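Within every chain, numbering begins at 1; the chains are lettered A, B, ... in the order of the sequence lines, protein sequences first and strands thereafter. None of the values given here were measured: they were computed from a predicted structure.
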There are 2 protein chains.
Amino acid sequence: MDSKTKNRPQTLPEGARPTLKTIAFMTGLGITTVSRALKDAPDIGAETKERVRLVAKQIGYQPNRAGVRLRTGKTNVISLVLTLEEEIMGITSPMVVGITEILAGTPYHLVVTPYSAVKDALAPIRYILDTGAADGVIISRTEPHDPRVALLTERGLPFVTHGRTEMGIVHPYHDFDNERFAYEAVRKLVARGRRKLVLLEPPPHLTFYSHMRAGFERGLRDFQADAVSFHQTNIDHSLVEIRDAFEVLMRSADAPDGIVSGSGSGAIALIAGLEMAKKKLGEDCDMVSKSPSDFLRWLRPEVMTMYEDIRIAGRELAKAVIGHIDGQPPETLQSLSQPEFQPPITRGLRA
Amino acid sequence: MDSKTKNRPQTLPEGARPTLKTIAFMTGLGITTVSRALKDAPDIGAETKERVRLVAKQIGYQPNRAGVRLRTGKTNVISLVLTLEEEIMGITSPMVVGITEILAGTPYHLVVTPYSAVKDALAPIRYILDTGAADGVIISRTEPHDPRVALLTERGLPFVTHGRTEMGIVHPYHDFDNERFAYEAVRKLVARGRRKLVLLEPPPHLTFYSHMRAGFERGLRDFQADAVSFHQTNIDHSLVEIRDAFEVLMRSADAPDGIVSGSGSGAIALIAGLEMAKKKLGEDCDMVSKSPSDFLRWLRPEVMTMYEDIRIAGRELAKAVIGHIDGQPPETLQSLSQPEFQPPITRGLRA
DNA sequence: CTTCAAATCTGTAACGATACAGTTGTGATG
DNA sequence: CATCACAACTGTATCGTTACAGATTTGAAG
């Protein structure tokens, strides 16, 4: 046998999915040549590349992920790391949709890697690092000093955070501008004549807690309103807990006349507490709420909502991880989405 | 060199993740022996197995997924196939949570494979089949004659459906008993003195359309109520479309006094339409709605809801695909979740 | 007619795991 | 003391891909 064609396949299995070997056989080229032709390497002739590409397309060649992964370590996987607990109000759905919309145009697959917040948030990160399970990671619920960010940075695995950190590490992120949300919320409430305001805040250990508080307090100063203290519960508590704590507050002498709710589901509980205290939303009290979905606007149009578009967040996050993987500088992969008040649902027919 | 130890590794890279080779080196055994010891093969000595297992555990060995996948074709992946469009009301979140809860105890990863319903629902299935991307598939929104089920069955790829089919193929499924839901809904409404009932139904091409209709009609017969025709919209239409169509109906002479809503978000739109027609829920009209989340119960306690626990559905689906992969007969992997009316939210303090 | 560089193509080895077909050693059997 | 069954272990080839180090051809320069 000619040594030049020593490694050429003799027979090919019928009906199996095509590999480089298949194309090598069909074009009469070597496997290496085919591989390099498909990656547009400079040492392959233009006409050869064309031929290879044509055949590859014809037979529907798609590189075997396991082969690539074994040889190169490239997984073509983006891992979305989630707490099982945070997902109750359904933030995941639009997020997953947004991410997959972007990944659809790439070779990346989305793998969901959950963890129980009760346990160690670092566990899934370690797993991914130790097993090389992904090329990039998306994490959320960031803390000012987030050990996950430290670890990922140290080990050089590309990632993006939903939320910022404060640890002097420049990394890709997407965030909702919670400072401005709270600030604008206060402005709106004061414009309605409200002066005693309360904030249903995020849990204190998360970064956006201080953002939201800062915006709230800046608003109070700029628009001259007072804060009513309400630290008994936060948006991570159960709806029943929030409701009951808020009922107590609303029955007290210190009852607020304006509410800023840091979450859409929290708003539901606040409304319930308020009504149990025999107050009426829109009369005794106004409310501005962050809202990732539509139901508040439909069912409680008297609540003023600022929409947090989680789907767009998902798209931004996906673009940012991929950018990071592709070596773009982290400072170019940071974005902040600006809150805007939602218009009321159109009330007329044929809206 | 001794031929018996010809393939033994001489040196091992520092700090790299352990492989079978590492264990082989440390135990002084051959790679094959280590591999077989870890799978508890019958031709390996008990003491050897014990030693290998101990070392593997010590150094934190985890099989390289790419290696396994390349050699055996086993991907250890379950693919959740979703329409981008259906996800608006957030059914995905609890579903993903439920699935991952089950997968956490297994070697399986969850990969989300989206498709645009506008295009071909078969496309993602074909992709998975052609590229061998998963060991099992979870699909939803089944039709009576579902080409995806036909294709997956024909090609022998394990799967489970969220929803049933009617094509004479016995396959794993999990479903919500929509027939009973509608039947019980009618019973409840009639018990409240309602006699002119309307159904906001699923889109006609999906299997559970006929289930829900059948239950509705059986209820009408058994409890002697009348149907008000309302086929202008279904739960897949936009909230605005549903609202406007329903307002027209409520203003007509034929206005119903009882509503059965096949979806929680649809219920929102119905309420809006009803109120635009100057009717009052709980007085002019009662409503029973299916609901995958809590917000209706909180915000509109006058709506009677039957909870569809999507998280549990996710768990059932995950268990069923894995069972199918493991070769359990399909007929043992079918389950139906029974609707139950939800109790009202407790109104007292310290509930 | 060498020589040599550039252009184009190629074989081999390796990634980590496993199927398969051995090999070795032990002790029982005749 | 052969023979043989059996237990315990092992080497080789392979999955599909790519890095690397050649190999071959061509044509221009000397």
- prompt: Is the phosphate of D:dC15, meaning OP1 or OP2, less than 4.0 Å from a side-chain N or O of A:T19?
  reply: no

Residues at least two apart in sequence or cross-chain that pass side chain to side chain donor-acceptor pair (under 3.5 Å) with A:T106, listed by chain then number, are none

To the nearest angstrom, the CD-P distance between A:E50 and C:dT8 comes to 15 Å

5'-most contact on DNA chain D (nearest-nucleotide basis), A:R17 vs B:R51, goes to B:R51

Sorted by number, residues from residues 33-43 of chain A placing a heavy atom under 4.0 Å from DNA chain D are A:S35, A:K39

In short, the helix from C:dC1-D:dG30 to C:dG30-D:dC1 is bent end to end, axes from five pairs each side, to 10°, by 80°

Residues at least two apart in sequence or cross-chain that pass side chain to side chain donor-acceptor pair (under 3.5 Å) with B:S35, listed by chain then number, are none

Correct closest heavy-atom pair for A:T153 and A:V149 would be OG1-O, 2.6 Å

Residues at least two apart in sequence or cross-chain that pass side chain to side chain contact (heavy atoms under 4.5 Å, CB included) with A:A41, listed by chain then number, are A:R36, A:D43, A:I44

Rounded to whole Å, CD1 of B:I44 lies from P of D:dC6 at a distance of 18 Å

Could you pull out every donor-acceptor pair under 3.5 Å between side chains of residues 52-66 of chain A and any protein atom, sequence neighbours left out?
unit_1 : atom_1 : unit_2 : atom_2 : d
A:N64  : OD1    : A:A66  : N      : 2.8
A:N64  : OD1    : A:G67  : N      : 2.9
A:R65  : NH1    : A:H109 : ND1    : 3.3
A:R65  : NH2    : A:N76  : O      : 3.3
A:R65  : NH2    : A:P107 : O      : 2.5

In whole angstroms, the gap separating P of C:dA13 from CD1 of A:I31 amounts to 14 Å

Practice item. Report yes if at least one side-chain N or O of A:T32 is closer than 4.0 Å to OP1 or OP2 of C:dT12; otherwise report no. Key: no

Applying side chain to side chain donor-acceptor pair (under 3.5 Å) to A:H162 and not counting sequence neighbours gives none

For A:T100, the side chain to side chain contact (heavy atoms under 4.5 Å, CB included) test, sequence neighbours excluded, returns A:V96, A:L110, B:L84, B:V112, B:P114

Whole-Å distance, A:N76 CG to D:dG16 P, equals 18 Å

Please tabulate, for the side chains in residues 314-332 of chain A, all donor-acceptor contacts under 3.5 angstrom to protein atoms that are two or more places apart in sequence or on a different chain.
unit_1 : atom_1 : unit_2 : atom_2 : d
A:R315 : NH1    : A:E101 : OE1    : 2.9
A:E316 : OE2    : A:K319 : NZ     : 3.4
A:H324 : ND1    : A:F159 : N      : 3.2
A:H324 : ND1    : A:F159 : O      : 3.1
A:T332 : OG1    : A:P329 : O      : 2.6

query: Does B:R311 pair with B:D309 as a salt bridge, N-O distance under 4.0 Å?
result: no

Salt bridge (Lys or Arg N to Asp or Glu O under 4.0 Å) pairs touching residues 71-83 of chain B, sequence neighbours excluded, are B:K74-B:D135

Side chain to side chain donor-acceptor pair (under 3.5 Å) filter on B:T113, not counting sequence neighbours, yields B:S79

In whole angstroms, the gap separating C1' of C:dT18 from OH of B:Y61 amounts to 10 Å

From CD of A:E47 across to C1' of C:dA7 the rounded distance in Å is 14 Å

Here the distance between atom C1' of C:dC9 and atom CG of A:L20, to the nearest Å, is 15 Å

Rounded to whole Å, the CD1-C1' distance (A:I59 to D:dG16) equals 14 Å

So, with a heavy-atom separation below 4.0 Å from DNA chain C, the residues of residues 62-74 of chain A are A:L70, A:R71

